[in-house]
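Encoded as structure tokens, the structure appears first; notes follow it.
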There are 2 protein chains.
Amino acid sequence: MKKNNAKAAAGVKEIARLAQVSIATVDRVIHNREGVSEKTKTKIQAIIDKLGYQPNVLAQRLALATRGTINLAVLLPVISPETEFWQAPRDGITKAESEIKQYGVNIHYFYFDQNDESTFEKQVKKIIRFKPQGILFTPTFPDPAVQLTEHSKKAGIPYVLINTDIPGYDAMCYIGPESFHSGYLAAQLVHYCTARDKKIVIAKIAREISTNYAILRKEEGFRAYFKDRKLENPLLTLDSKDTEYAGVSRKLAKLIKQEQNIGAIFVTNSRVSLVARYLEAAGRTDIILLGYDFTTDNVQHLKADNIDFLICEKPQEQGYRGIMTLFQHLVYSNVIEKNYLMPIDIITRENYLFYRN
Amino acid sequence: MKKNNAKAAAGVKEIARLAQVSIATVDRVIHNREGVSEKTKTKIQAIIDKLGYQPNVLAQRLALATRGTINLAVLLPVISPETEFWQAPRDGITKAESEIKQYGVNIHYFYFDQNDESTFEKQVKKIIRFKPQGILFTPTFPDPAVQLTEHSKKAGIPYVLINTDIPGYDAMCYIGPESFHSGYLAAQLVHYCTARDKKIVIAKIAREISTNYAILRKEEGFRAYFKDRKLENPLLTLDSKDTEYAGVSRKLAKLIKQEQNIGAIFVTNSRVSLVARYLEAAGRTDIILLGYDFTTDNVQHLKADNIDFLICEKPQEQGYRGIMTLFQHLVYSNVIEKNYLMPIDIITRENYLFYRN
DNA sequence: CTGAAAGCGCTTACAG
DNA sequence: CTGAAAGCGCTTACAG
């Protein structure tokens, strides 16, 4: 590929010169627009192909500044101490925003309460009324989420799902983990680190477990590993709709008292720090503990050796990439990939320092 | 931060208008160039500050096209089946190249033979004669590497080291793993997966171990973990300057015959697939095997369950980021960060599918 | 169906 | 010390 040794790559001007037409006409051919005679079109296309013309993205973008504003809607859970996880996607979105703001992209944020489906519904309605040119959201509640995707489809509005997809629904674009595999990986780690006569606890700590698809899929993946490998560790379950420490620790205490020989606890979401806190207090350093997400509390406990593994799927990048996907689609008509599955990262006490979301 | 609700952010033109000067003068102040009276400088700066002016990077870059070509030199090992690892940094460099080629950046490649220091020396001389505006290289051989950095320093040429740094040398910029921690992490994984009465083998398979700083540091980190944790697993060593399968397998066979109760083998570089092949042939599925790098062979063995963990430090990103660092420094005078330490990724059979270099 | 011209926001000679 | 003008490579009305 050394042939581009020549000065700069040819641009529209050069093409126009060679084809003996104006650059406007070249532009029309490049963008496949109406109103060019077959003859000149063919001539220009031939030159484009021969030159291997690549548009200068910079110039394209700069010229774009003439065009109007692009409005994007983002629908995410409110960020509270309890939902710190969502800070990361939000950061990624903000990062993308700052990069493309200068090309006239505006992002409008809509927030819902993870524990209240009606707030999600309300925001969906608001977004529909707002008529954005693109939507990024996480379908925490499948029914209203489908409403939004269906509406968007009809209205021709591109959308991107992050973090979770909608069960049994074929969305336009999903950017996030493959949750089943994520659980499967967790099981592998437990398997490697636990003797085979030990009991293993699957801890589900969330107010709305039954509707949380990601949590369910992780559990399925986790169980599937043990089944596929014909492992005989008893798999226990701990369910807690109470997400406060007091409630969780009570349940844990009871379970641990009643079951001997627990080797590992797998927490299916970011609430793993609650379990860590309990195990630390109870002095149970013998139990392998793993869970999800690079939150402050979790990292603290990882550092203190109370958590052994954190699994993390680059939440920040999900937000960043989601916005960029919409932007590139709207501005350059880039095709939107159906799925972009994130890496499933394993974080331990010995590599967390170098991790980047 | 909602105040930017107004149309577009102000640019040089607006600043010039407000200050009642020409945009050329504004430009001079922005870039801190000579030849502006204190008075107008102060006035303009005040307006810049007040407006929170941020240059439009796109326009900046586009305008750059006026300037001449930038020549960068890259010095890497030749890529052969045996050194497949280097394909990844190379890919990252190519990716960066394609992104910045249109701004007049040319990359010139220089290759050396990892097993022959004199080829490295020769290329260093060539590069010095070539007088590039920036250099990216990996200091496989410390002495000639220092020669190159010292020359660059004198000549004011920025350079970036990737993959390994130079022992005891304070380089201008290093992008790569913290090898000591990388070995430390490997030890943690072994510790988690191996009973404490098991013997552990550290396998060094390389023609030039003694000069390979990264390999040495990984081993140090590995040993340090066992020491810090006061673990009593005997640590054995396998040294092989022969990097062919025949030679490696002979040594392995001997070691395994002579030592009972081996629980894990840690290979300090990407040659782990050779050990995997041997263990597979010998039917030793009981030994935990881990090593480095996401190469074709390694991934194959990971998939086949012959390798348990691969540690990987985003070699592609190292190359990409290295070139971008030089570019941004040369073009926008961005300050070069002294160190950019890569994440230390853990890859297993259950997450390799989603990994991105 | 086609073209001339202005503009995106910045940088760079060049002239004074 | 300062400014007017041309240019980077593309896009977009507008005129014909």
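The structure presented is a predicted model; accordingly, all values stated were derived computationally and were not measured. Lettering of chains follows the sequences in order, A, B, ..., and the numbering in each one begins at 1.
Comparing atom distances between the A:Val36 side chain and each of D:dA4, D:dG9, C:dT2 picks out C:dT2 as nearest.
Taking the six-membered ring for Trp and thresholds of 30 and 60 degrees, A:Phe120 and A:Phe112 have ring planes more than 60 degrees apart, a perpendicular arrangement.
The cationic atom of B:Arg129 (NZ for Lys, CZ for Arg) does not lie both less than 6.0 Å from the six-membered ring centre of B:Phe110 and within 45° of the ring axis.
A donor-acceptor pair is defined here as one N or O able to donate and one able to accept, closer than 3.5 Å; no such pair exists between the side chain of A:Gln318 and the backbone of A:Pro89. With hydrogens and angles disregarded, a donor-acceptor distance shorter than 3.5 Å links the side chain of A:Thr138 to the backbone of A:Ile162.
If you measure from atom CD1 of B:Ile15 to atom C1' of D:dG3, you get 17 Å, rounded to the nearest angstrom. In this structure, the CG atom of B:Asp27 is 17 Å from the P atom of D:dA5, given to the nearest Å. The CD atom of A:Gln20 sits 14 Å away from the C1' atom of C:dT2 (whole-angstrom rounding). The separation between A:Glu38 atom CD and C:dT2 atom P is 10 Å, rounded to whole Å. The separation between A:Asn32 atom CG and D:dT11 atom C1' is 16 Å, rounded to whole Å. With rounding to whole Å, B:Glu34 atom CD is found 13 Å from D:dT2 atom P. For the pair B:Arg17 CZ and D:dG3 P, the computed distance is 15 Å after rounding to whole Å. As rounded to whole Å, 15 Å separates atom P of C:dG3 from atom CZ of A:Arg33.
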| request: Give the intermediate values and the outcome of side-chain contact (heavy atoms from CB on, under 4.5 Å) for residues A:Tyr53 and A:Val12. | output: CA-CA 8 Å; A:Tyr53 169 72; A:Val12 281; 3.9 Å; yes
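Between A:Lys13 and D:dC8 there is a side-chain polar atom (N or O) within less than 4.0 angstrom of OP1 or OP2. The side chain of B:Tyr53 places an N or O atom within less than 4.0 Å of a non-bridging phosphate oxygen (OP1 or OP2) of C:dC10. For C:dG3, the OP1/OP2 oxygens have a side-chain nitrogen or oxygen of A:Thr25 closer than 4.0 Å. One finds a side-chain N or O of A:Ser37 lying less than 4.0 angstrom from the OP1 or OP2 phosphate oxygen of C:dT2.
Nucleotides of DNA chain C nearest to A:Thr40 and A:Ile23 differ in position, and the one nearer the 5' end is that of A:Thr40. Toward the 5' end of DNA chain D, the nearer of the two residues A:Gly11 and A:Arg28, judged by each one's closest nucleotide, is A:Gly11.
The partner of C:dG16, taking Watson-Crick or G-U wobble pairs whose two distances both stay under 3.5 Å, is D:dC1.
Base engagement by A:Gly35 is indicated by at least one non-hydrogen atom pair under 4.0 Å involving a base atom.
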